[in-house]
Amino acid sequence: MTENTYYKPRLVIGDKEITKGMSGSINFSGNSQANSCTCKITDPEFQNYKLFNKELKVYLNYGSDDGIPIFRGFIKEIKPNDKETNIVAIDPRMLITGTNSRMVELTDDDNYDGYTLASFLYAFIDNKVNTDDIYIGLDALRDTNPIISMKGERTQEPTSVYDIVKQKLKTAVDDAEMEKPLTYFIDMIDDGKKNNITIVKEKQITDSPSLYLSYSGGLISCKYNRRAPATHAIGGGATFQYGNKPSGSVGLKISGDFKDKNEARTQAINEILLNNREINEINVEASKGHYISIGSIVRLSAVDTDIDGNHRLTSKKLSFNDGGVKLSLQLNKKPLLLSSYIQ
């Protein structure tokens with residue numbers, strides 16, 4: 001991977017800026033997973049700093065100083081030794097994720113029945129997390145279409161708010177164009193002062209690309225795998241068969257609280273169509289595209305006839321040090337969180 005020396009990355013922890021003796025990587029994992037940053041600092045003074053829960057920001061500084069960090073999060077893990085200090089930071093979603101976060105217990109007496117999914121998330125963060133400062137911005141939070149209701153949502157024990165939201169969000173599928181269903185995911189948008197949580201609808205693959213890559217324009221290397229798409233789905237008392245199985249029979253199992261078989265079959269159709277939408281899993285190393293967001297459309301040109309065209313950016317990794325930045329992109333492939341596969 002070629003290092004882009006036009007970038008002059010800067011690491012800021014609390015009010016202390018580091019431009020030398022540091023290196024690290026930022027993972028934008030996509031699919032509603034929290035972004036993370038791991039970094040290494042060789043300055044021995046940092047071993048004496050109280051770093052836990054400190055705000056950490058990374059600026060790429062392409063040509064000039066950036067006003068908005070490419071990553072903003074809070075330090076969750078510190079491992080000092082006699083030569084360096086290793087740090088792991090997670091974006092502000094860490095405050096509502098996992099067993100160490102502020103959790104919620106939904107009962108018949110204490111619930112959010114009158115709320116939508118977005119208003120539930122807004123109310124919880126506003127009342128339980130942002131109590132003495134704005135740790136998670138709410139300016140960009142909007143509902144899905146169709147709107148997801150929290151009516152009847154209960155938990156058997158204290159549960160991570162983010163786990164509830166991610167699970168409910170799976171039911172939000174915009175199928176206005178039946179053969180081109182679009183799902184939603186959660187992301188963060190930094191406005192220069194705070195990191196705002198938001199719910200984003202996928203772009204249509206035919207939308208205008210945010211990034212064009214070719215071997216003569218920004219593309220360093222490209223590898224891809226082609227998987228066999230699912231041909232049938234089963235669950236909720238319903239089944240759905242799709243296509244004529246040119247690549248063999250591959251199935252997936254659907255789950256959920258369906259009111260009847262018709263609703264289960266609609267879910268089966270949506271998941272089959274989503275699974276068949278992108279069958280190439282592409283890994284790219286590039287010298288441009290560092291700032292584009294997850295879900296953006298990337299167009300590959302004159303690379304390979306099998307993969308030339310538009311693709312969705314599903315994850316991104318930036319590796320940095322005081323000499324520059326390296327970029328790798330993953331197109332189309334998502335972590336298997338939507339369905340459990342059966343062969």
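Keep in mind that what you see is a predicted model, and the values were worked out from it rather than measured.
F120 and F124 have tilted rings, their planes meeting at an angle from 30° to 60° on a 0 to 90° scale.
Residue S287 comes nearest to I220 through the heavy atom pair N-CD1, 3.9 Å, listed as atom of the first residue, atom of the second, then distance. Residues F74 and N53 approach most closely at CD2-O, 3.6 Å, considering heavy atoms. The heavy-atom pair separating P69 from D190 by the smallest distance is CG-OD2, 3.6 Å. Of all heavy-atom pairs between A140 and I189, the closest is CB-CD1, 4.3 Å.
Contact check for I199 versus R142: no side-chain heavy atoms found under the 4.5 Å cut-off. For the pair M150 and I164, the minimum side-chain heavy-atom distance is below 4.5 Å. Side-chain contact between V325 and Y6 is absent, with no heavy atoms from C-beta onward closer than 4.5 Å. H311 has its side chain out of reach of I297: every pair of non-hydrogen atoms, C-beta onward, lies at least 4.5 Å apart. Residues T19 and L11 have side chains not in contact (no heavy-atom distance under 4.5 Å, counting atoms from C-beta outward). Side-chain atoms of Y224 and L331, non-hydrogen and from C-beta on, never get closer than 4.5 Å to each other. Residues V12 and L56 fail the side-chain proximity criterion, which asks for heavy atoms closer than 4.5 Å. I13 is listed as a side-chain neighbour of I18, based on a closest heavy-atom distance under 4.5 Å.
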Item to check | Derivation and outcome, side chain to side chain contact (heavy atoms under 4.5 Å, CB included), residues I148 and T171 | outcome: CA-CA 8 Å; I148 303 301; T171 65; 3.4 Å; yes
Next on the checklist: Before you tell me yes or no, could you show the steps for L51 and I87 under side chain to side chain contact (heavy atoms under 4.5 Å, CB included), namely the whole-Å CA-CA distance, both residues' side-chain angles and the distance that decides it to 0.1 Å?
Outcome noted: CA-CA 9 Å; L51 300 176; I87 295 171; 3.8 Å; yes
Next on the checklist: Could you go through T314 and N31, starting from their C-alpha distance and side-chain angles, then the distance that decides it, and tell me whether this counts as side chain to side chain contact (heavy atoms under 4.5 Å, CB included)?
Outcome noted: CA-CA 7 Å; T314 51; N31 211 21; over 6 Å; no
Checklist entry - Given I186 and T198, is the side chain to side chain contact (heavy atoms under 4.5 Å, CB included) satisfied, shown in steps? => result CA-CA 6 Å; I186 305 170; T198 187; over 6 Å; no
Item to check | Worked verdict on T38 versus S25 for side-chain hydrogen bond (donor to acceptor under 3.5 Å, both in side chains) | outcome: CA-CA 5 Å; T38 60; S25 63; 3.1 Å; yes
Checklist entry - What's the verdict on side-chain hydrogen bond (donor to acceptor under 3.5 Å, both in side chains) for T183 and E202, showing C-alpha distance, side-chain angles and the deciding distance? => result CA-CA 6 Å; T183 61; E202 288 183 313; 3.0 Å; yes
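Donor-acceptor pairing under 3.5 Å is lacking for the side chains of Y212 and R299. No side-chain N or O of Y62 forms a donor-acceptor pair with one of H290 less than 3.5 Å apart. With 3.5 Å as the limit, one finds no donor-acceptor pair spanning the side chains of Y135 and N195. For the residue pair R312/N332, the side-chain donor-acceptor check at 3.5 Å is not satisfied. Checked by atom type, the side-chain pair Y184/D174 shows no donor-acceptor distance below 3.5 Å. Counted by atom type alone, T116 and D143 present one or more donor-acceptor pairs between their side chains at under 3.5 Å. Under the 3.5 Å distance criterion, with hydrogens and angles disregarded, a donor-acceptor pair is assigned to the side chains of S221 and E285.
Not one N or O on the side chain of D175 forms a donor-acceptor pair closer than 3.5 Å with the backbone of E177. At distances below 3.5 Å, at least one donor-acceptor pair connects side-chain atoms of K316 with backbone N or O atoms of I292. In this structure, the side chain of S296 does not engage the main chain of L313 through any donor-acceptor pair within 3.5 Å. Of the possible donor and acceptor atoms, one in the side chain of T97 sits under 3.5 Å from a partner among the backbone N and O of R93. Although no hydrogens or angles enter the test, the distance criterion places a donor-acceptor pair under 3.5 Å between the side chain of N310 and the main chain of I205. Y162 places no side-chain N or O within 3.5 Å of a backbone atom of M94 that could act as its donor or acceptor partner. No side-chain donor-acceptor contact under 3.5 Å links N27 to the backbone of S29. In this structure, N111 contributes its side chain and T107 its backbone to a donor-acceptor pair below 3.5 Å. No donor-acceptor pair closer than 3.5 Å links the side chain of D163 to the backbone N or O of K166. Distance alone, capped at 3.5 Å, places no donor-acceptor pair between the N61 side chain and the P9 backbone.
One finds no salt bridge joining K151 and E153 here, because no Lys/Arg side-chain nitrogen approaches an Asp/Glu carboxylate oxygen to under 4.0 Å. The residues R72 and D91 are annotated as not salt-bridged, no charged nitrogen and carboxylate oxygen being separated by less than 4.0 angstrom. Between K193 and D191 no salt bridge is recorded (no basic side-chain N to carboxylate O distance below 4.0 Å).
Rounded to the nearest 0.5 angstrom, I96 CD1 and K128 NZ are separated by 14.5 Å. If you take CZ on F28 and CG on L318, they are separated by 5.5 Å, rounding to the nearest 0.5 Å. Atom-to-atom distance recorded for K203:NZ and S210:OG is 5.5 Å, nearest 0.5 angstrom. D322 contributes atom CG, which lies 5.5 Å from atom CE of M22 (distance to the nearest 0.5 angstrom). With rounding to the nearest 0.5 angstrom, the CD1 atom of I282 is 6.0 Å from the SG atom of C222. Note that CD of E105 is 7.5 Å distant from OG1 of T159, once rounded to the nearest 0.5 Å.
Heavy atoms from other residues, nucleotides or ligands lying under 6.0 Å from CG of D260 number more than 12. Counted within 6.0 Å of NZ on K194, heavy atoms from surrounding residues, nucleotides or ligands total more than 12; the atom is thus considered enclosed. Under a cut-off of 6.0 angstrom, the local environment of CD1 in I134 is sparse, with at most 12 non-hydrogen atoms contributed by other residues, nucleotides or ligands. Atom NZ of K168 has more than 12 heavy atoms from other residues, nucleotides or ligands within 6.0 Å. In N127, the CG atom is crowded: over 12 heavy atoms of neighbouring residues, nucleotides or ligands sit closer than 6.0 Å.
In this structure, Y115 is a member of the same hydrophobic cluster as V129, with clusters built from ILVMFWY side-chain heavy atoms closer than 4.5 Å. There is a path of hydrophobic side-chain contacts, each under 4.5 Å, that joins L213 to Y215.
Remark: R10 is positioned above the aromatic ring of Y59, its terminal NZ or CZ atom under 6.0 angstrom from the ring centre and at most 45 degrees off the axis.
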